[in-house]
Visitor: 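Could you have a look at this structure, given as structure tokens, before my questions?
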Amino acid sequence: MDKVVISLGGSVLVPDMSDAQYVRKLAWLLSEMAKEYRICIVCGGGRIARYYISMGRELDFTKEELDSLGIAVTRLNATVLLLALGEEAVPAMPRNEEEAAQLMEEGGMIVMGGTTPGHTTDAVAAKVAELAKAKRIVNATSVEAAYSADPKRFHDAERYSTMTLKQLFNLVDKGVHEAGPSNVFDRLGAEIAMKAGIPIYIVNGRDLEEMEKAIKGRDVKGTIAEP
Ligand code: UTP
């Protein structure tokens, strides 16, 4: 069975208004997909992580302490999905990428959050994908695709339907050095995927048809970054 690692954005799972119906449908889709693929879902922190991190900053917490808050929230979000999946998922949540890759080898759906201070869950997903020799990474995000610039600010921004992993890396590398909108994928994650030659499918995670196509490696409305 091919392995697929999904980086599920916190804002996808926990949008501004709670959306239990979405979580229910997502859990159903993932359960269906698990019949054909070995899946690991890495959940992001979203606005709840940002809430705690900004509060922690006002309390003068160190960078490591702020990251520990972020990691705790990603694991909280992962717990929501784990509970929604019920018996479909492996109940123990891995604490690091090695454990996740090992559990993927044994079968069963894996749900987890962040692992290492200073990283993001995109990087965690890429690392698990590398260790588990996954067929692809699905970045389930709140944007439709990768663009050459922020489409909200630049109306002539180019939308990519396909690109190379190197192009994606260069794009997000540029994003890290320029202040502006958050990147479509984490720089370290893009680097890991590029070096390991693992395709990244960037899709709107709220669109479950897109999610299904991305998991299956079919054409998507979003972006496919390939070796
Ligand atoms: P996210 O992966 O959701 O961060 O983790 P992000 O990419 O900044 O968030 P989005 O995608 O824009 O919503 C949330 C926070 O948790 C900590 C970091 O502080 C991160 O900003 N974190 C997460 C870690 O320190 N290590 C991890 O492995 C994961």
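Numbering of ligands and ligand atoms starts at 1, following listing order.
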Visitor: Taking only heavy atoms of Gly44 into account, list the atoms of ligand 1 that are under 4.0 Å away from them.
Guide: 3 (O)
Visitor: Any N or O on Lys63 sitting closer than 3.5 Å to an N or O of ligand 1?
Guide: no
Visitor: Can you confirm whether the side chains of Asn204 and Glu210 place a donor and an acceptor under 3.5 Å from each other?
Guide: no
Visitor: For Gly46, counting its heavy atoms only, list the atoms of ligand 1 lying under 4.0 Å from any of them.
Guide: 3 (O), 13 (O)
Visitor: So does Gly45 get a backbone contact from the side chain of Arg50, meaning a donor-acceptor N/O pair under 3.5 Å?
Guide: no
Visitor: For ligand 1, which is the ligand I care about here, please tell me if Asp122 has any N or O atom under 3.5 Å from one of the ligand's N or O atoms.
Guide: no
Visitor: Short N/O distance, under 3.5 Å, between Ile53 and ligand 1?
Guide: no
Visitor: Of the choices Thr121, Thr115, Asn183, which has the non-hydrogen atom that lies closest to atom 1 (P) of ligand 1?
Guide: Thr121
Visitor: With a sphere of 6.0 Å drawn around CG of Asp173, does it hold more than 12 non-hydrogen atoms of other residues, nucleotides or ligands?
Guide: yes
Visitor: Starting from Leu85, can I reach Val5 by hopping between I/L/V/M/F/W/Y residues whose side chains sit under 4.5 Å apart?
Guide: yes
Visitor: Rounded to the nearest 0.5 Å, how far apart are CE of Met17 and CG of Asp19?
Guide: 9.0 Å
Visitor: Of all the atoms in ligand 1, which lie at a distance below 4.0 Å from a heavy atom belonging to Val124?
Guide: 28 (O)
Visitor: Got an N/O contact under 3.5 Å between Gly118 and ligand 1?
Guide: yes
Visitor: Within the 4.0 Å heavy-atom shell around Asp67, which atoms of ligand 1 are there?
Guide: 17 (C), 18 (C), 19 (O), 25 (O)
Visitor: Under 4.0 Å, heavy atoms only, figure out whether ligand 1 is touched by the backbone of Thr116, its side chain, both or neither.
Guide: backbone
Visitor: Check this for me - ligand 1, Arg50, N or O atoms closer than 3.5 angstrom, yes or no?
Guide: yes
Visitor: Would you mind running through ligand 1 and noting each atom that sits below 4.0 Å from a heavy atom of Pro117?
Guide: 25 (O)
Visitor: Check Arg187 with Asp122, please: is the shortest side-chain N to carboxylate O separation under 4.0 Å?
Guide: no
Visitor: Between the side chains of Lys221 and Glu209, is the shortest nitrogen-to-carboxylate-oxygen separation below 4.0 Å, so that they form an ion pair?
Guide: no
Visitor: Answer yes or no: is there an ion pair linking Glu99 with Arg95, defined by an N-O contact shorter than 4.0 Å?
Guide: no
Visitor: Could you check if a side-chain atom of Met194 sits within less than 4.5 angstrom of a side-chain atom of Thr164, using non-hydrogen atoms only?
Guide: no
Visitor: Ion pair present between Asp16 and Arg47, side-chain N to carboxylate O less than 4.0 angstrom?
Guide: yes
Visitor: Of all the atoms in ligand 1, which lie at a distance below 4.0 Å from a heavy atom belonging to Gly114?
Guide: 27 (C), 28 (O), 29 (C)
Visitor: What atoms of ligand 1 come within less than 4.0 Å of a heavy atom belonging to Gly70?
Guide: 15 (C), 16 (O), 17 (C)
Visitor: Suppose I only count heavy atoms of Gly45 and a 4.0 Å limit; which atoms of ligand 1 are within that range?
Guide: 1 (P), 3 (O)
